[in-house]
Amino acid sequence: MPLGTVPLSARVSSLLGFADTERRTAASYERELAEHRVTESELRKAVARDEVLLRQKDNSIRQQKMLTEECHHRLLNNLQMIVALLSLQSRREANAEAASRLSIAADRVQAIAGLHHHLHSMDGTPTVDFKPYLDRLCRDHSTMSMSEERPDQFLVVEAIELRLPTTIGIPLSLIVNELITNALKHGKGRITVTLAPAGKGHALSVSNDGSELPEGFDPRACKGLGMSLVSSLAEQIGGELRIDRGDAGDCTRFSVLFA
Ligand SMILES: Nc1ncnc2c1ncn2[C@@H]1O[C@H](COP(=O)(O)OP(=O)(O)OP(=O)(O)O)[C@@H](O)[C@H]1O
Ligand SMILES: [Mg+2]
């Protein structure tokens, strides 16, 4: 090739002693480096954007926790206020029967408040550890209901550790509250609260000595509210209510079998 037809850059390189391949590599490195710089700057911008988003997410989680906490406190305060109002009205009521009804209503609301307190202590999980709840409920009943007039009565809990979904735990807690209240009110002697495996599921029972139930006892036909509540809540959780009437002096047992 005559010298005039060779490109100037090639002629300069050949004069300086660079090979063609070395020249191409140096140029491609420059290009690659430039591309990397662009990528790096884009990545830095993306990381900065993600950091802002993460901070926003942290803030909204904190706000949500504060709101949940606030709602919980308001719920408990309102329930306690209802308990206090019902108790006050019960104490001021001249009619003994009405006073007792108001006091029972206060105990029912108190049981619901106790359960919410227990659920909250479990940090918002959708399950409830039922044994500690039962222990606490029975302790509360012992303190509230055991009186000097009934020195024969005492409560015993025989329960396995069992974690239940709240959809079952909440109705079950109301059921057991009614059954314990009834055992204290209508029974005598030892009251045993049992939670144990039964068949493919579990059984929650409350038994007490004395006061056998009348023959043909129908929980849905009772005048009181307690047994109707127990029946419909047992149905709500797909459970079965079993009643052992007990013989004279022997124990009466109410059990709810659930899966
Ligand atoms: N553990 C028990 N031992 C003996 N009898 C019971 C027992 N539980 C319930 N009964 C009988 O069943 C009836 C109906 O109970 P229920 O809980 O529905 O009404 P209550 O306790 O009388 O009133 P309330 O629950 O509305 O305060 C009671 O009045 C009582 O005669
Ligand atoms: Mg009752």
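Numbers for residues simply follow the sequence, beginning at 1.
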**Q** What distance separates Q63 CD from I61 CD1, expressed to the nearest 0.5 Å?
**A** 11.0 Å
**Q** For P197 and H202, work out which heavy atoms get closest and say how close.
**A** CA-CD2, 3.6 Å
**Q** Could you report the tightest heavy-atom contact between L79 and A113, atom names first, then the distance?
**A** CD1-CA, 3.7 Å
**Q** Applying the 4.5 Å side-chain criterion to the ILVMFWY set and letting contacts propagate, would I243 and L257 be lumped into a single cluster?
**A** no
**Q** Taking ring-ring contact (aromatic ring centres under 6.0 Å, His included) as the cut-off, I'd like each qualifying pair that reaches into residues 48-83, sequence neighbours left out, listed once.
**A** H72-H120
**Q** Strictly distance-based, threshold 3.5 Å: is any side-chain N or O of S100 a donor or acceptor partner for the main-chain N or O of A96?
**A** no
**Q** Given side chains that start at C-beta, do those of E40 and R44 come closer than 4.5 Å, heavy atoms only?
**A** yes
**Q** Under the criterion side chain to side chain contact (heavy atoms under 4.5 Å, CB included), I'd like the reasoning laid out for L172 against L204: C-alpha separation, chi angles, the key distance, then a yes or no.
**A** CA-CA 8 Å; L172 210 58; L204 178 67; 3.6 Å; yes
**Q** Measure the spacing between CD1 of I168 and CZ of R163 and express it to the nearest 0.5 Å.
**A** 14.5 Å
**Q** Counting only heavy atoms not in R108, do more than 12 fall under 6.0 Å of its CZ?
**A** yes
**Q** Assess whether a salt bridge exists between E240 and R242, defined as any Lys/Arg side-chain N lying under 4.0 Å from an Asp/Glu carboxylate O.
**A** yes
**Q** Would you please say whether a donor-acceptor pair under 3.5 Å links the side chains of H186 and N208?
**A** no
**Q** If you take all heavy atoms of N177 and D107, which pair is closest and at what distance?
**A** ND2-O, 4.3 Å
**Q** Ignoring hydrogens, what is the shortest heavy-atom contact between Q153 and G187? Give both atom names and the distance.
**A** NE2-O, 3.4 Å
**Q** Taking side chain as C-beta onward, heavy atoms only, is K45 less than 4.5 Å from S41?
**A** yes
**Q** Apply side chain to side chain contact (heavy atoms under 4.5 Å, CB included) to residues R245 and T252 and explain how you reach the verdict.
**A** CA-CA 5 Å; R245 285 180 48 233; T252 304; over 6 Å; no
**Q** How about R190 and T192: does a side-chain donor come under 3.5 Å of a side-chain acceptor?
**A** yes
**Q** Can you tell me if N77 and R74 form a side-chain donor-acceptor pair at under 3.5 Å?
**A** no
**Q** Sequence neighbours excluded and cut-off under 3.5 Å, please list the side-chain donor-acceptor pairs for residues 221-236, or say none.
**A**
residue: S231; atom: OG; partner: M227; partner atom: O; Å: 2.9
residue: S232; atom: OG; partner: S228; partner atom: O; Å: 3.0
residue: S232; atom: OG; partner: L229; partner atom: O; Å: 3.4
residue: E235; atom: OE1; partner: R220; partner atom: NH2; Å: 2.7

**Q** Does a side chain donor of either S205 or S255 reach within less than 3.5 Å of an acceptor in the other side chain?
**A** yes
**Q** Considering all heavy atoms of both residues, which atom of V176 and which atom of S173 are nearest to each other, and what is their separation?
**A** CG1-O, 3.3 Å
**Q** Between E69 and K65, is there a side-chain N and carboxylate O pair less than 4.0 Å apart?
**A** no
**Q** Are M81 and L76 connected in the hydrophobic side-chain network, where two residues link if heavy atoms are under 4.5 Å apart?
**A** no
**Q** Are C138 and I180 close enough, and set up right, to give a side chain to side chain contact (heavy atoms under 4.5 Å, CB included), and what steps lead you there?
**A** CA-CA 8 Å; C138 290; I180 294 173; 3.8 Å; yes
**Q** Any side-chain to backbone donor/acceptor pair from S87 onto V83? Under 3.5 Å, distance only.
**A** yes
**Q** State yes or no: do V206 and I160 share one hydrophobic cluster built from I, L, V, M, F, W and Y residues joined by side-chain heavy-atom distances below 4.5 Å, directly or via other members?
**A** yes
**Q** What residues form a ring pair (Phe, Tyr, Trp, His ring centres under 6.0 Å) with F130, not counting sequence neighbours?
**A** Y133
**Q** Just how far is it from atom CG of L213 to atom CG of D218, taken to the nearest 0.5 Å?
**A** 11.5 Å
**Q** Closest heavy-atom contact between P171 and T166?
**A** CD-O, 3.9 Å
**Q** Determine whether V193 and V156 make a side-chain contact, defined as any pair of heavy atoms from C-beta on separated by less than 4.5 Å.
**A** no
**Q** Ion pair present between R31 and E35, side-chain N to carboxylate O less than 4.0 angstrom?
**A** no
**Q** If I take atom CG from residue D209 and atom CD1 from residue I191, how far apart are they, to the nearest 0.5 angstrom?
**A** 8.5 Å
**Q** Supply the atom-to-atom distance L137 CG to S142 OG, rounded to the nearest 0.5 angstrom.
**A** 9.5 Å
**Q** Regarding D135 and K131, does a basic nitrogen lie under 4.0 Å from an acidic carboxylate oxygen?
**A** yes
**Q** What do the steps show when you test N59 against R62 for side chain to side chain contact (heavy atoms under 4.5 Å, CB included), and what is the final call?
**A** CA-CA 5 Å; N59 276 345; R62 245 196 313 276; 2.6 Å; yes
**Q** Rounded to the nearest 0.5 Å, what separates atom CG in L88 from atom CD in E93?
**A** 11.5 Å
**Q** Treating N95 as the side-chain partner and A98 as the backbone partner, does any N or O pair qualify as donor plus acceptor under 3.5 Å?
**A** yes
**Q** So if you build clusters from Ile, Leu, Val, Met, Phe, Trp, Tyr with side-chain heavy-atom gaps below 4.5 Å, do I104 and I175 land together?
**A** no
